[in-house]
Amino acid sequence: MISAYTGTQIRAAEQPLLAAGMGAVLMQRASYGLANAVVHELRARGRRLYGASVAVLAGKGNNGGDGLFAASFLAARGMRTTAVLTGDAAHPEALAAFERAGGRVHVLTEANAGELAAHVAGADVVLDAILGTGAQGGLRGAAAALVSGLSNELPGLVVACDIPSGVDADTGEAHAPVLSADLTVTFGAAKAGLLADPGADHAGRVQVVPIGIEEHLPWPSLRRLEPADLGRLLPRPGRRSHKYSRGVLGVVAGSEDYPGAAVLACRGALSAGAGMVRYLGPPAVADLVRQSCPEVVCSTGSVADNRVQAWLVGSGMGPGDSEQLQRARDAVESGLPVIADAGALPALPDVLAPQVVLTPHAGELAALLDRLGADYDRSAVEANTLGAVRQAAVLTEATVLLKGPSTLVASPFQDFYSQADGTPWLATAGSGDVLAGIIGALLAQVGSDVGRFRNAGIDPDERWAAIAALGASLHGRAGTAAAEGGPFTAGRIADAVPAVWGRLAG
Ligand SMILES: NC(=O)C1=CN([C@@H]2O[C@H](COP(=O)(O)OP(=O)(O)OC[C@H]3O[C@@H](n4cnc5c(N)ncnc54)[C@H](O)[C@@H]3O)[C@@H](O)[C@H]2O)[C@@H](O)CC1
Ligand SMILES: Nc1ncnc2c1ncn2[C@@H]1O[C@H](COP(=O)(O)OP(=O)(O)O)[C@@H](O)[C@H]1O
Ligand SMILES: [K+]
């Protein structure tokens with residue numbers, strides 16, 4: 001499990017060590033780790049170190065100090081170093097070390113920003129050490145002009161020191177201009193803002209350098225499941241299992257307009273281990289489901305007439321599908337775990353429960369928040385994904401999963417997960433229906449298995465968020481496996497799930 005923290009949490013964890021006079025030691029650990037990460041990355045890219053050029057953009061705080069010390073370590077490896085000081089001062093000891101190591105120093109002004117941008121753009125390595133966790137808002141003045149003058153397609157390696165300058169460490173909000181990094185080397189622990197969009201868009205690969213604050217860290221503000229966690233959480237049938245004990249998922253999805261959504265949701269659920277999938281919906285859709293997935297049992301009657309362990313509702317349903325929408329409300333009323341997608345989102349009561357997992361994309365989340373009186377449109381959700389998903393979970397008291405390049409999950413108790421195991425090829429019609437099916441199957445199988453979560457270090461009350469994150473990760477990994485470097489259609493995601501599952505659980 002990757003744990004991520006707000007900037008404030010990290011700074012609080014540093015306090016006992018700073019009070020013990022270890023500030024300089026922490027900075028040495030951070031900057032040495034940063035320099036080593038640069039060396040490894042250059043080697044991995046088959047680039048020579050000796051004679052390669054490094055430009056460090058150094059702000060006046062400790063983030064700039066880290067960058068200048070790191071550059072002096074790199075100078076000792078034979079690299080040519082230049083610093084652009086973006087503030088009215090620089091960390092004195094770090095600047096002295098940088099100059100002692102032979103680095104050249106330029107002081108940024110409004111007048112020379114264009115010229116220095118051209119110089120920096122030609123460097124083999126650009127270290128962004130302007131702002132770190134002490135930032136208030138984004139870059140301003142000459143620093144903003146310098147970064148605006150750098151294209152986001154620099155030929156050299158761009159490495160962010162702790163966090164890309166202008167990204168909010170707590171929320172991932174990005175205050176333009178931000179220099180997008182290939183690699184972010186972050187100190188002590190991951191920052192939440194590196195794992196939530198749009199911060200994650202700018203961070204590139206994230207590498208954590210331990211600096212000795214770990215024992216002082218509190219409960220993380222956000223977590224990410226890794227393969228070992230997935231392997232522990234995925235169920236496997238026992239010798240005496242039967243289809244009902246493995247978990248039955250009821251699917252209320254599809255409509256005459258969108259029958260395919262029902263098929264894709266059922267395929268997702270079948271691929272992710274449900275003992276049985278029961279479909280409830282219009283006869284014409286049921287016929288298509290039967291033809292496409294003969295394993296699905298098509299039922300009639302009400303939600304109450306059908307015995308299941310979890311419900312999937314809403315994929316491919318519209319506001320006119322009154323009978324299906326009533327079933328969706330009945331499923332929520334039943335108290336069973338429910339995954340509520342797409343067309344169900346506007347049709348459910350405002351206040352729900354933690355075992356109800358809502359799966360909006362950014363547009364649907366904006367509409368949901370708007371209905372609940374919060375002032376969000378789609379672009380506001382995309383600008384602050386973590387804030388939006390948090391607010392939706394608070395207002396609805398449900399578990400909310402926001403789909404996107406990074407998928408965020410918030411529990412109403414304010415536990416957060418971020419998964420980014422997919423590929424942009426997943427942005428294909430029907431992909432969300434398969435995701436709903438996968439999460440539905442997992443809810444049916446492990447929703448009542450409290451011990452499984454406790455053993456994995458997850459508070460059982462928070463298991464709904466963990467199940468949603470588990471589903472998002474399986475879906476992302478299946479998409480990555482299906483892609484083989486090129487496009488695929490949504491059904492292929494479902495086809496790829498069993499092998500991905502097998503590798504994780506293996
Ligand atoms: N505290 C510590 O012991 C450690 C801190 N570390 C580094 O220190 C960083 C935090 O250092 P600081 O607290 O000095 O803060 P920063 O280096 O992030 O920057 C804060 C400085 O910039 C100014 N500033 C804030 N917002 C600005 C804006 N929008 N435009 C221009 N100037 C702005 C502030 O007045 C302050 O002088 C971390 O990100 C990390 O890189 C690491 O060296 C590890 C140890
Ligand atoms: N750029 C992207 N990178 C990775 N995953 C993505 C990207 N765009 C979308 N996805 C994933 O693809 C799925 C799309 O779901 P959704 O928007 O509901 O599509 P649809 O309604 O067509 O089924 C989600 O799981 C989402 O996280
Ligand atoms: K930075």
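Quick caveat: nothing in here was measured; it's all calculated off a predicted structure.
In this structure, Thr399 contributes its side chain and Pro354 its backbone to a donor-acceptor pair below 3.5 Å. Within the 3.5 Å criterion, the main-chain N or O of Met1 finds a donor-acceptor partner in the side chain of Asp229. The backbone N or O of Val158 sits less than 3.5 Å from a side-chain atom of Asp182, completing a donor-acceptor pair. Within the 3.5 Å criterion, the main-chain N or O of Ser431 finds a donor-acceptor partner in the side chain of His475. Ser151 places a side-chain N or O within 3.5 Å of a backbone atom of Glu153 that can act as its donor or acceptor partner. Judged by distance alone, with hydrogens and angles left aside, the side-chain atoms of Ser148 form no donor-acceptor pair with the main-chain N or O of Pro177 at under 3.5 Å. Side-chain atoms of Ser245 do not come within 3.5 Å of backbone N or O of Ser241 as any donor-acceptor pair. For the pair Asp128 (side chain) and Pro164 (backbone), a donor-acceptor distance under 3.5 Å is absent. Under a 3.5 Å cut-off, the side chain of Gln309 and the backbone N or O of Arg246 do not form any donor-acceptor pair. Without hydrogens or angle criteria, Thr184 side chain to Val206 main chain gives no donor-acceptor distance under 3.5 Å.
For the atom pair CD1 of Ile458 and CG of Leu225, the computed distance is 6.0 Å after rounding to the nearest 0.5 Å. Atom CG of Leu270 sits about 9.0 Å away from atom CG of Leu249, to the nearest 0.5 Å. Distance CD/Glu173 to CD/Glu382: 13.5 Å, rounded to 0.5 Å. The CG atom of Leu426 sits 9.0 Å away from the CG atom of Leu435 when rounded to the nearest 0.5 Å. For the atom pair CZ (Arg278) and CG (Leu312), the distance works out to 15.0 Å, reported to the nearest 0.5 Å. Between atom OH of residue Tyr5 and atom CD1 of residue Ile10 there is a gap of 7.5 Å, rounded to the nearest 0.5 Å.
Tested against Lys191, the residues Asp162, Thr6, Thr133 include a single side-chain hydrogen bond (donor to acceptor under 3.5 Å, both in side chains) partner, Asp162. For the side chain to side chain contact (heavy atoms under 4.5 Å, CB included) criterion with Gln207, the lone passing option out of Leu183, Leu34, Val159 is Leu183.
By the 4.0 Å N-to-carboxylate-O rule, Arg329 lies too far from Glu333 to be salt-bridged with it.
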query = Stepwise, does the salt bridge (charged side-chain N to carboxylate O under 4.0 Å, His left out) test hold for Asp449 with Arg463?
reply = CA-CA 9 Å; Asp449 190 354; Arg463 68 190 182 281; over 6 Å; no

* To do: Mind running side-chain contact (heavy atoms from CB on, under 4.5 Å) on Asp415 and Trp219 for me, showing each step along the way?
  => CA-CA 10 Å; Asp415 225 19; Trp219 186 252; 3.4 Å; yes

Exercise. Please walk me through it: do Val409 and Trp464 pass side-chain contact (heavy atoms from CB on, under 4.5 Å)?
Worked result: CA-CA 10 Å; Val409 184; Trp464 313 109; over 6 Å; no

side-chain contact (heavy atoms from CB on, under 4.5 Å) for Val297 and Met276? Distances and angles first, verdict last. CA-CA 8 Å; Val297 176; Met276 185 197 278; 3.9 Å; yes

- Verify side-chain contact (heavy atoms from CB on, under 4.5 Å) between Leu474 and Leu234, making sure each step is shown before the conclusion. CA-CA 10 Å; Leu474 259 188; Leu234 289 171; 4.1 Å; yes

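Annotation for Leu365 and Ala388: closest pair CD2-CB, 3.9 Å, computed over non-hydrogen atoms. Closest approach of Val351 and Leu395 over heavy atoms only: CG2-O, 4.1 Å. Shortest non-hydrogen contact noted between Ala410 and Val389 is CB-O, 3.7 Å. Annotation for Tyr279 and Ala253: closest pair OH-O, 2.6 Å, computed over non-hydrogen atoms. Residue Ala490 comes nearest to Val434 through the heavy atom pair O-CG2, 3.6 Å, listed as atom of the first residue, atom of the second, then distance. Val446 and Phe453 make their closest contact through O-CE1, 3.5 Å (heavy atoms, listed as atom of the first residue, atom of the second, distance).
Around the CG atom of Asp375, the shell of radius 6.0 Å holds no more than 12 heavy atoms that belong to other residues, nucleotides or ligands. The neighbour count for Tyr258 OH, taken as heavy atoms of other residues, nucleotides or ligands under 6.0 Å away, does not exceed 12. Counting non-hydrogen atoms of neighbouring residues, nucleotides and ligands closer than 6.0 angstrom, the CD atom of Glu256 reaches no more than 12 such neighbours.
Applying the side chain to side chain donor-acceptor pair (under 3.5 Å) rule to pairs touching residues 341-359 yields Ser315-Asp341, Asp341-Thr359, Asp341-Lys403, Asp350-Arg371, sequence neighbours excluded.
The side-chain heavy atoms of Ile130 and Asn63, taken from C-beta on, include no pair separated by under 4.5 Å. You'll find the side chain of Arg11 stays beyond 4.5 Å of the side chain of Gln15, heavy atoms only. For the pair Val248/Arg307, no side-chain contact is recorded, criterion being any heavy-atom separation below 4.5 Å from C-beta on. Contact check for Gln324 versus Ser255: no side-chain heavy atoms found under the 4.5 Å cut-off. Here the side chains of Val338 and Leu348 are not in contact, with every heavy-atom distance at 4.5 Å or above. Looking at Leu470 and Tyr417, their side chains never come closer than 4.5 Å, going by heavy atoms from C-beta outward. By the 4.5 Å heavy-atom criterion applied to side chains, Leu358 and Leu352 are counted as neighbours. Between Ile467 and Val357 there is no side-chain heavy-atom pair separated by less than 4.5 Å.
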Distance-only donor-acceptor pairs under 3.5 Å for side chains of residues 493-506, two or more places apart:
{"residue": "Asp495", "atom": "OD1", "partner": "Arg267", "partner atom": "NH2", "Å": "3.0"}
{"residue": "Asp495", "atom": "OD2", "partner": "Arg267", "partner atom": "NH2", "Å": "3.4"}

Listed pairs under 3.5 Å, donor-acceptor, residues 281-295 side chains, sequence neighbours left out:
{"residue": "Asp287", "atom": "OD1", "partner": "Arg290", "partner atom": "NH1", "Å": "2.8"}
{"residue": "Ser292", "atom": "OG", "partner": "Leu288", "partner atom": "O", "Å": "2.8"}

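Looking at Asp421 and Ser473, their side chains do bring a donor and an acceptor atom within 3.5 Å of each other. Checked by atom type, the side-chain pair Ser406/Asp197 shows a donor-acceptor distance below 3.5 Å.
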